[in-house]
Amino acid sequence: MGAPERLRLYGGEVAAQAVMAAAATVPPDRRMHSLHAHYLDAGDSRLPVLYRVRVARDGRSFSSRSVEAFQDGRQIFALSASFQCEQDGLSHQLPADCPGVDLPGPEDCGTGNEPLRAWADGVMTRLPVELRFVDDGPLLDSSLGVAPRIRAYFRVRGSLPDDLPVHEAGLTYLSDLLMISAALVPHKLSIHDPRLFTATITHSVWLHAPLRADAWQLYDVEGSWAGGGRTLSRGRVYDADGFLCATTSQEGLARYSPHEAA
């Protein structure tokens, strides 16, 4: 039997494992409220990953951790995460297209148009996730013609234990999906186009409320900008009741070589 094929590690997997490593060092009354990740080098699916956690600070309300990930002595990833004990305070969220307002539920959504369907089928075959797209075709925007936006329901396949850090890691795992793809929509390109090389550069998540990563969540992603071989996207995660549970942002690499064979 030959050696296993080298595959680039999925960025959400590395980030989710780093979240679990950080959470294991934090007092149990504190939940993660933000993470900022830097992808330094491509990971190899054939090699184990070593995570090193450093205690940056433990204050009265907040705990900060930094995590470094290594493969074969080579650092591939760095993450900083902040945790907070539960506190009361001001509360509001911007109104948005969210479940229960004017969007169909996940049971009434499909796997999108042909490019989205092909991409989603590949993702769901390779990763333990489920995807349902709200929009079968492109959304129109007065300035761009086609809006750099993807709206989809996602969840981790199967059931997860009732452990908050596991669901925070699960959301982190899911949140790496769709970000670069949204920035490619106005250019009518798929993330798997052979003329493109894509990768995550930085990824941030702000958690606003607890959620279950194994329950359907709406991910509303906008590709805000593209230029210089990079993309910038932001996303919002809503639960079934329309509560904003998380906000994400990501800078991606999208090198385009139009002369490559299509």
Quick check: does any side chain N or O of [X] sit under 3.5 Å from a backbone N or O of [Y], one acting as donor and the other as acceptor?
X      : Y      : result
Arg255 : Arg230 : no
Asp241 : Phe243 : no
Ser190 : His192 : yes
Gln93  : Gly242 : yes
Gln71  : Asp44  : yes
Tyr10  : Leu127 : no
Asp220 : Arg151 : no
Tyr153 : Val134 : no
Arg234 : Thr248 : no
His36  : Ser80  : no

If you take all heavy atoms of [X] and [Y], which pair is closest and at what distance?
X      : Y      : result
Tyr39  : Gly11  : OH-O, 2.8 Å
Leu178 : Ala152 : CD1-CB, 3.9 Å
Val129 : Arg157 : O-NH2, 3.0 Å
Arg8   : Thr198 : NH2-O, 2.9 Å
Leu171 : Ala246 : CD2-CB, 3.6 Å
Ala18  : Leu79  : CB-CD1, 4.2 Å

With a 4.5 Å cut-off on side-chain heavy atoms, are [Y] and [X] touching?
X      : Y      : result
Pro148 : Ser224 : no
Glu107 : Arg132 : no
Ile191 : Leu196 : no
Val185 : Arg149 : no
Tyr219 : Met179 : yes
Leu103 : Leu218 : yes

Verify whether one side chain among [X] and [Y] offers a donor that lies under 3.5 Å from an acceptor in the other.
X      : Y      : value
His33  : Gln84  : no
Tyr51  : Gln17  : yes
Ser233 : Glu222 : no
Thr247 : Arg236 : no

- Query: Under the salt bridge (Lys or Arg N to Asp or Glu O under 4.0 Å) criterion, do Arg52 and Glu68 qualify, and how do the steps go?
  - Reply: CA-CA 5 Å; Arg52 294 178 181 170; Glu68 297 172 326; 5.3 Å; no
Any chance you could measure [X], atom [atom1], to [Y], atom [atom2], to the nearest 0.5 Å?
X      : Y      : atom1 : atom2 : value
Tyr256 : Leu184 : OH    : CG    : 10.5 Å
Leu207 : Cys245 : CG    : SG    : 9.0 Å
His203 : Ser175 : NE2   : OG    : 3.0 Å
Leu189 : Ile180 : CG    : CD1   : 12.5 Å

Cluster overlap [X] with [Y], hydrophobic side-chain contacts below 4.5 Å:
X      : Y      : value
Val123 : Tyr173 : yes
Met32  : Leu160 : yes
Leu164 : Trp206 : no
Val53  : Met20  : yes
Met124 : Val221 : yes

Salt bridge (charged side-chain N to carboxylate O under 4.0 Å, His left out) filter on Arg155, not counting sequence neighbours, yields Glu130
Taken in chain and number order and not counting sequence neighbours, the residues that satisfy salt bridge (charged side-chain N to carboxylate O under 4.0 Å, His left out) with Asp41 are Arg74
Quiz prompt | Derivation of the salt bridge (Lys or Arg N to Asp or Glu O under 4.0 Å) call for Asp162 and Arg212 | solution = CA-CA 9 Å; Asp162 295 329; Arg212 291 196 64 92; 2.7 Å; yes
Self-check item: Pair Arg65 + Asp58, salt bridge at N-O below 4.0 Å
Solution: yes
Exercise. Above 12 or not: heavy atoms from other molecules or residues under 6.0 Å from CG of Asp72?
Worked result: no
So Thr231 and Glu251, side-chain hydrogen bond (donor to acceptor under 3.5 Å, both in side chains) or not? Walk me through it. CA-CA 6 Å; Thr231 62; Glu251 185 179 34; over 6 Å; no
Salt bridge (Lys or Arg N to Asp or Glu O under 4.0 Å) pairs touching residues 165-184, sequence neighbours excluded, are Arg31-Glu168
Start with the C-alpha gap between Phe133 and Cys109, add the side-chain angles, then the distance that decides, and say whether side chain to side chain contact (heavy atoms under 4.5 Å, CB included) holds.
-> CA-CA 6 Å; Phe133 289 90; Cys109 295; 5.9 Å; no
Go through it in stages, so that I can follow the logic: the residues are Ser181 and Ile150, the test is side chain to side chain contact (heavy atoms under 4.5 Å, CB included), and I'd like the CA-CA distance, side-chain angles, deciding distance and then a yes or no. CA-CA 8 Å; Ser181 293; Ile150 296 176; 3.9 Å; yes
